[in-house]
Number of protein chains: 2
Amino acid sequence: MPVTLRDVADHAGVSVKTVSNVVNGFRHVSPDTRARVQEALDRLGYQVNLSARSLRAGRTGIIALAVPELRQSSYFSELAGAVMQHAEERGLVVLIEQTLQSRQRELDVLSGARNRLVDGVIFSPLELGPDDLATAPAGLPIVLLGERVAAGGPLDHVSIDNVAAAREAVTHLLRIGRRRIAAIGLHPDERIGTAEQRFRGYAEALTGAGLPLRRELLGDTGPWHRENGAACMRALLARDPRPDAVFCFNDMLAVGALRELLRSGVRVPEDVALVGFDDVEEARFSTPSLTTVAPDLDGVARAAVGLLQSRISGDRPPGAPHTVTRQHRLVVRESTVGLPRP
Amino acid sequence: MPVTLRDVADHAGVSVKTVSNVVNGFRHVSPDTRARVQEALDRLGYQVNLSARSLRAGRTGIIALAVPELRQSSYFSELAGAVMQHAEERGLVVLIEQTLQSRQRELDVLSGARNRLVDGVIFSPLELGPDDLATAPAGLPIVLLGERVAAGGPLDHVSIDNVAAAREAVTHLLRIGRRRIAAIGLHPDERIGTAEQRFRGYAEALTGAGLPLRRELLGDTGPWHRENGAACMRALLARDPRPDAVFCFNDMLAVGALRELLRSGVRVPEDVALVGFDDVEEARFSTPSLTTVAPDLDGVARAAVGLLQSRISGDRPPGAPHTVTRQHRLVVRESTVGLPRP
DNA sequence: GACGTCACATACATCGTTGTAAACAACGTT
DNA sequence: AACGTTGTTTACAACGATGTATGTGACGTC
């Protein structure tokens, strides 16, 4: 049913290879034959069979983006949008994989078992540690996102400076006079992931200001979803001392926390100030709007796609991994500085 | 570099086809050879080359999901998550395309030009009308989402009853006593898309209650993003009469409108009640939380993947398109009924 | 007129996999 | 002993595209 080069060749009275040459814009084709072939191509509505081309070329032009999930984390949706945009500029298309907090699925991504049709993977791991990541086979180009887990590991890596960013966020809370600053989003079992990085920034800011770390102000959560932010905030409000500020490890948690605070009649920022992380669009539109850390999302996406492509094209042979750190900035909004009340 | 069937066959001292038979679990392979081949497979770490398999089989196991964009519309992210989940259950992976409000990109999706490596497309069109959709080539299975644009057209189609849903939303506003009900999200040039459907439901509810359609209460917007909801709300507040309720054609618009209302010191729902559409998670966590129409997202995704697969597998040859209409329900929250103020 | 050079076109092999048909052995049946 | 049956394995061709090598003229140069 589909039209092949063979069909077009028969139609135009030339060889298959000549048609291929026309399709690929090869130089030495006479204007005469080129026109005749082109006409046949148009008439028959030829479209290349990418499976065949891929088999021949050893590439598919597809890269995978493996993220925890899209449904409940706006950040990964926005990231996906950015990655797709930059991939397109380089002639790549993106296949998205959800790892869904499953360690096994993450291992599958790493081994390529989950996807053997892609030229490379941009991977935002959640469950895997450096030991796991070291087991990545050399065959499949992989760029890691979002943590410094793998600094020193065998893989390319793009991130922001999570520790510094968290420190700045908490320092901002200190500067506006808060002293009982809680943190939401801790993963106590984790020694090295994003949660740990952001916690370290939080801790550094506090101890830098001569304040103690108080267990009562630390909020453990599971996944960084809105509902967990709300649940965690509820728990914090029941404790003594009550926090006068909360640093949430991402915006979803902050949105959940904000909801819970307002529901409980706590004023934000007067009673409790709130800072999030990621600067998802939702953060600009909540009331009060959320102070948050804005990573250079487009920069991260661009760097990741660029690094991956340089591996795929063979410009950089395996080994000698690059680590790219992109900018971030604290966006101060109403959840910490308030707004003139009407 | 990668291991092929040939390598494994040499290693195990059998033919290539026998290895293939083992890999595919073909029945008539003696336990003895099976074990020997399996051992070679494991040792060499064989992985099928999907390009080759696809070329042979004529299928890739990839379906495309073409949506307007992921970054600013949570609905499409949540939809994508749902589609990916159901696709996975059927052994398919999903490649996401953003059409980015571009008519040309949508036409490319339809013609398959954008992606020739996929077995089929789940397509949520924004710009194309029935005339365009009728030009879809028969070769590529396509399932349309989200509007009734194509009822009677040549393509399968999954949606909810947008007119009825919008009517229920507005009827709810009437029932709580609102009379100056504005609408945000109109696309005046559109005669048939989602915006038109939701407007029709809005109009039906009003005229059904004996109320006139007032031009001053109709808010035209571009894309259904938060910022456009805010801008449109700002314009509405400047008009006379001021609305006492607003029906937003999706939740993004509603979030933007809510932000603008609160910023202007308008109380929600006391002064202005607000209804959205889609029931994205964000709607549950805003303050006040958003009354909204909840489509059966999982049902839509499941039906779309199911219809597409039945086309791909050839269970249903081209023609005889199905139209599936999934349920919806109005979720009443604080933006219309208020909450006990502390 | 022999030669090399260039532009253009073609035949063939190949990428890795799997369907088809056929080969082969072991077995029981007549 | 000839036969079919069943289970197991193999050789071969094909999926559609493209790199390589080769062929064919036309042209200019010595």
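Side chains included, hydrogens not; waters and symmetry mates left out as well; all remaining heavy atoms used. Proteins come first, then strands; the chains are lettered A, B, ... in the order of their sequence lines, and each starts at number 1.
- Note on A:Ser15: a side-chain N or O is less than 4.0 Å away from OP1 or OP2 of C:dT10.
- In summary, the side chains of A:Ser54 and A:Ser51 do not present any donor paired with an acceptor at a separation below 3.5 Å, with no hydrogens or angles considered.
- Contact of the B:Leu110 side chain with the B:Leu128 side chain is registered, since non-hydrogen atoms from C-beta on lie closer than 4.5 Å.
- A side chain to side chain contact (heavy atoms under 4.5 Å, CB included) with A:Ile312 is found for exactly one of A:Val118, A:Asp119, A:Leu307, namely A:Asp119.
- When rounded to the nearest whole Å, the span between CZ of A:Arg27 and C1' of C:dC8 equals 14 Å.
- Put simply, CD on B:Glu78 and CD on A:Glu69 are 10.0 Å apart, with the number rounded to the nearest 0.5 Å.
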Strictly under 3.5 Å: I want the nitrogen or oxygen pairs between protein and nucleotides 19-23 of chain C, one per line.
residue	atom	partner	partner atom	Å
C:dG19	N7	B:Lys17	NZ	3.0

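- Rounded to 10 degrees, the angle separating the terminal axes of the helix from C:dG1-D:dC30 to C:dT30-D:dA1 is 70°, with each axis obtained from five end pairs.
- Counting only distance, with no hydrogens or angles, the side chain of A:Arg36 and the backbone of A:Ala12 share a donor-acceptor pair below 3.5 Å.
- Side-chain contact check for A:Gln309 and A:His86: no donor-acceptor pair (N or O, by modelled atom type) lies under 3.5 Å.
- Here B:Arg105 pairs with A:Glu88, B:Thr99, B:Leu100, B:Ser102, B:Arg114 under the side-chain contact (heavy atoms from CB on, under 4.5 Å) rule; sequence neighbours left out.
- In this structure the side chain of B:Leu144 never reaches within 4.5 angstrom of the side chain of B:Ile122, judged on heavy atoms.
- Here A:Asn21 does not reach the OP1 or OP2 of C:dA9: none of its side-chain N or O atoms lies under 4.0 Å away.
- Sorted by residue number, the members of residues 30-47 of chain A with any non-hydrogen atom under 4.0 Å from DNA chain C read A:Ser30, A:Thr33.
- Between chain A and DNA chain D, the heavy-atom contact criterion of under 4.0 Å yields a 5' to 3' nucleotide range of D:dG16 to D:dT20.
- Across all strands, B:Val16 comes closer than 4.0 Å to base atoms (heavy-atom distances).
- Remark on DNA chain D: of its neighbouring residues B:Gly13 and B:Ala57, the 5'-side contact belongs to B:Gly13, judged by nearest-heavy-atom nucleotide.
- Checked by atom type, the side-chain pair B:Ser30/B:Thr33 shows a donor-acceptor distance below 3.5 Å.
- Within the structure, salt bridge (Lys or Arg N to Asp or Glu O under 4.0 Å) pairs that include any residue of residues 43-59 of chain B comprise B:Glu39-B:Arg43 (at least two apart or interchain).
- The distance from atom CZ of A:Phe26 to atom NZ of A:Lys17, rounded to the nearest 0.5 Å, is 7.0 Å.
- Shown are A:Leu95, A:Val94, A:Leu92, A:Leu50; of these, the side chain to side chain contact (heavy atoms under 4.5 Å, CB included) with A:Ile62 is made only by A:Leu95.
- The shortest distance between side-chain heavy atoms of B:Tyr75 and B:Val67 does not fall below 4.5 Å.
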